[in-house]
Each structure stands twice: as structure tokens, then as C-alpha cells.
There are 2 protein chains.
Amino acid sequence: MPAASEAADPNFMLSLARGLGVLRVFEGRSSLSIAEAARFSGLNRPSASRCLHTLMRLGYVREHGGRYSLTPKLLPLAAGFLTSTPLASVSQAVANGLRDRLQETVSVGALDPSDPGRIIYIARAERNQVIAAPLMVGSTLPSHCTSMGRVLLASMTNGAREQWLSGAVLESRTERTITSPDALRGELCAVAEQRWSLVEEELEIGLRSLAVPIRDRDGTTLAALNVATFSDAHSREHLIDRYLPDLRAAAGQLERAI
Amino acid sequence: MPAASEAADPNFMLSLARGLGVLRVFEGRSSLSIAEAARFSGLNRPSASRCLHTLMRLGYVREHGGRYSLTPKLLPLAAGFLTSTPLASVSQAVANGLRDRLQETVSVGALDPSDPGRIIYIARAERNQVIAAPLMVGSTLPSHCTSMGRVLLASMTNGAREQWLSGAVLESRTERTITSPDALRGELCAVAEQRWSLVEEELEIGLRSLAVPIRDRDGTTLAALNVATFSDAHSREHLIDRYLPDLRAAAGQLERAI
DNA sequence: CTCTATCCGTCCGATTATCGGACAAAAGAA
DNA sequence: TTCTTTTGTCCGATAATCGGACGGATAGAG
């Protein structure tokens, strides 16, 4: 039982959507049985089995003792996007530069095109590259409690934002997370006006981060650039006084390059 | 006109294969018109149009003035693979460690499951992280003229290797590239026995690289670990005397961790 | 050891999603 | 302008796909 409203489009290939839906179920899970894939994707057993069978023959999935897992074949697709999209490749270079300048972790993210509730990292430069980070290019985070998410949500049209807000559940990540739609709406309004967002310990206790938008020539916001710090290292004022100008400069550099 | 031999499989979803085929056409191209997508994917116009339309509704593709391009939505899929596959995540950590130890660029790669002719990078640690590298996780390279490719080809069963060799065109990248199937077969035989591969300037003039296999408990080769150097920096002997022991140690560490 | 609950592979009829040739309009290029 | 290429759409025929159902296999519980 998919959406129920996606019918009546003679140009929509349902089988393709189903197959990609099965692929998506692997996000975060290392292996799946057929029954699990069926449950998580909302398909019946035979359909899920057919999808996995097809994906296996195409080389995207492999099977071991009844359990299916992804192969590296997805990686070239992602790398193709990263290298052929100017926004992505330039973002990585700019993030590296700003990281070196500030000695802080710098990231660039965009909204998931089909779910404004989450952001996707498209570039990331870590302050301390030794640590195995829990975040990387391709990682996702909720948008309502992150500085990049706030910047991106603030850039949406009123209609789209309200539509999303009406159906969204604002998960509480810490006791400081804004979970009320009204409060979030107010905050987004301020973000839209000041053109930056500072979020303190709403995603995780101890984290403070600041983000600014990346816009194209038409003024459309394409992505957000942010710097993430530990709360006890720098004050709110320090971020705004010291880092915001550099963030803005880097954002401008990126905007000129794409 | 696809393959012509893939018919008669009642469990194969052709539409899914077609859609993924269209996605794959974007590798390396930043944007495509419908007609181009149709040409490159081997479909007719209406079919390619349907695929793009569907991919757009699913959020994997976007359209601007009649040209279609990928969205970041593919990235979480790749990141999901990297984080949920022990081989991939541990590889990155081991590569970082070996990079720090040798002060050289270290990579881990695997064969494309549906095309032994190319290898896919699943981890990479650069010696000089300032340079914007042409290679990253997800990049692909021909296997016949790379050290990782040789190691991986040497691990194939005779049957599979011969089948691939019989239909492969061994592209010449430099004047030193082995392009004769017989010569390659001989080289692979040696690689299989000595358990390492040293390739000198067959991919690009000035590059010398050394690779060793990564095997699971059953002895099946899953990937290859390599160190890449400039020819004028270190001799062939230096690589074998100095780097091979460390490469082997790192490979063993990786093998124990997965 | 038996019973039970899943899970898996498969079959097959019904349906419907999909295919692709064709046409007309639109957009460019010459 | 004229010619070429692209695009959106229609539609009948076809074949691909769906999913309920069955039987065997497996595993864990009692």
C-alpha cells in the first residue's frame, strides 16, 4: 500500500519505484532477508524477492546464505554526482579551505529533494581527520534541529514549508530541541531575515553550529555551509563575531564559482 | 536491444533494469536531455522519458530547461553502504593509518561485481590532502593496468577470468600498458603466486603502485589494498623492501577486523 | 521429539503496467 | 525562411508484472 495518490500517472514506472524503494531500505542496515526487505519496503514477499533478484543480477546487491547486502556498485553513481556537479565539487574545495583557515569542522549540505525533513551532506572537511567520524558525505540529519537545516527550511516557499510543517513530527534530540511547529516557524522567520542560523545543543548536547545559505544567481538557495564546534570551546558571540564573516566570505566564493 | 540473452527469466524486472541503466548514464555527465539519455542508454525516446520522469518524481533526478541532472539523493545510499559494510568502514580506517605511517597515498578497491574490467575505490587516504584529487571513494579505474586490478583479477576463478579475457579489450593507457591477453594472463599468474602486484607506469607515466589482496577467512579475495607513488620518488626495490611488509601488516589487520 | 511459526521458492491466472511506433508542435540551427 | 532535431503525447497490442496460494524447509519452543 504505497502512497495512494501516486496513481493515474501513465508515465510513472511503478516497478522502478519499487526497486529503488527496496534499495533504500538498505540505508543503515547491513543485510536483509527477503522477508525483512518486504516488510520494510511495504511490498509482498514475491515482489520484494523479484526486486532483490533483479538488483542482484544487475550487480547492485549480493546474497550470502539467504541474506542480501549492497555491493560497491552504488559508489560510482554517487561519485559521478559529486564530480560532475559543480556545486558538490567546489563545495568540497571551499570546505577544505575554510577548515584550514578556522581549524574547525566545516560541512556543506542540501535538503533531500523528496523530504525537506532531512539534510544530506554533500561536502565535509573535518577538523581532526584522525577521528573516525560518524558523519560523512552522504550522511543525513534532521533539518529542524540543525543549523544547515534551518537555513534551508527558511529558504523554502511559504506554501511548501507550511505543507511540510503540517505533516512533520519534530523529533526531540535533546531537551533544547525545538519541537513545536509554531516555535520553529518563528525561528525560521528570523533565520530568513538575518541570513544565518545558530543552533545550540538542539541536535546533541555539547554542539554549537552556525550556518549560512549558498544561493545561485537567481537568489535560489541551493545549499548551506556550516561550521560545527563544541559548546565549551567557543561562545555564541565568538561564533557570530569571529566565524560568521569567514563563513560569509567562503559562501560568496562558492556562489561565484558555480 | 539490450543483451538478448537476459530473457526468459520470469523474475527479472525489466523496467527496474532500464531505470537503473538510465541512472548509470549520468556517471561522468553532468546533465542530459531526454534524447541523449535515450541514445546513451539504448532505449527509445518514450521509454527514456518515462524513466527520467519517474526518477524525477522519486527525487533522484531534477530538471532544468529540458536538461536532467542527478540530485544528492543518491549519496545516502552510498553512505549507507560505506557505513554498514564492515569491509568498507574498516578499510577507510586502515587506509588512514597506513597513509600516516608511510606518508603515501593509500587506497582500497574492489572489482565491479558486474564488470571485472574495472575496479571501484571503496576507501582512500591521500598523502597530501590539500590537492583536489581526481580520485575518490567511488571512482573507477581499469583493472588490467592497475596494481589493485591485477591482484583482484588474479583472484578470480580460471573460468571467470578466461571468460572475461576472451571478450575484453585491454585499453592502452601508456606505451607500457600490457594489452595482450596472453601477456596479462602470464602476469596474473605470477601475481597469484607471489600475492602482490607491482605496476609501473602502465596506467599513467610517472606512477608506480603496489597492491596486496584482502581475503576473508575462507581465503576468498574481497578487495585489494595499495600504495601509489611517483616513479621518481621510490624505486621498484624500495616499494618491495620497504612498503610491502607494511602493506601486508595492514592487510592482515584489516582481514582480522572483518 | 513434536509442534508451531516463519521463511522461502514457485506456480499461474488476471490485470494492468509498459512498450514503442507515430504524429504534431516546438525549438534551434543553418 | 527552411531544414533538422527534440519533445510531449496518444493509443492499441503485448507482454511484463502482480500477488494470493501452496508445499517444503528451517528453526526454535516446549
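Residue numbers begin at 1 in each chain, while the letters A, B, ... track the order of the sequences.
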B/Ile34 has an atom CD1; how far is it from atom P of D/dT6, in whole Å?
11 Å
Which listed nucleotide (C/dT18, D/dG19, D/dT17) is nearest to the side chain of A/Met13?
C/dT18
note: B/Asn44, atom CG; D/dG8, atom P; distance rounded to Å ~ 14 Å
Looking at D/dT7, C/dT18, D/dA21, which one has an atom nearest to any side-chain atom of A/Leu14?
C/dT18
Give a yes/no verdict on a cation-pi contact between B/Arg29 and B/Phe40, requiring under 6.0 Å between NZ or CZ and the six-membered ring centre and an angle within 45° of the axis.
yes
Can you work out whether B/Arg45 or B/Leu16 has the more 5'-proximal nearest nucleotide on DNA chain D?
B/Arg45
Could you work out which one of C/dC19, D/dT7, C/dG21 sits closest to the side chain of B/Ser33?
D/dT7
Check this for me: does the side-chain of B/Arg50 come within 3.5 Å of the base of D/dG8 through a donor and an acceptor?
no
Out of curiosity, B/Met136 CE to A/Ser89 OG, how far, rounded to the nearest 0.5 Å?
8.0 Å
Side chain of A/Ala35 - closest among D/dA21, C/dC8, C/dA22:
C/dC8
Checking contacts here: which listed nucleotide (C/dG9, D/dC18, C/dC19) is nearest the side-chain heavy atoms of A/Ser47?
D/dC18
Take atom CZ of A/Arg45 as the centre, draw a 6.0 Å sphere, and report whether it contains more than 12 heavy atoms from other residues, nucleotides or ligands.
no
Rounded to the nearest Å, what distance is computed from the CG atom of residue A/Leu43 to the P atom of nucleotide D/dC18?
8 Å
Which one, C/dA17, D/dT7, C/dA22, comes nearest to the side chain of A/Ser15?
C/dA17
5′-ward residue of the pair A/Gly66/A/Asn11 relative to DNA chain C
A/Gly66
OP1 or OP2 of D/dT6 sitting under 4.0 Å from any side-chain N/O of B/Arg39?
yes
Pair A/Ser143, A/Arg118: side-chain N/O donor-acceptor within cut-off below 3.5 Å:
no
Looking at every strand, decide which applies to B/Arg67 at a 4.0 Å heavy-atom threshold: base, sugar-phosphate, or nothing.
nothing
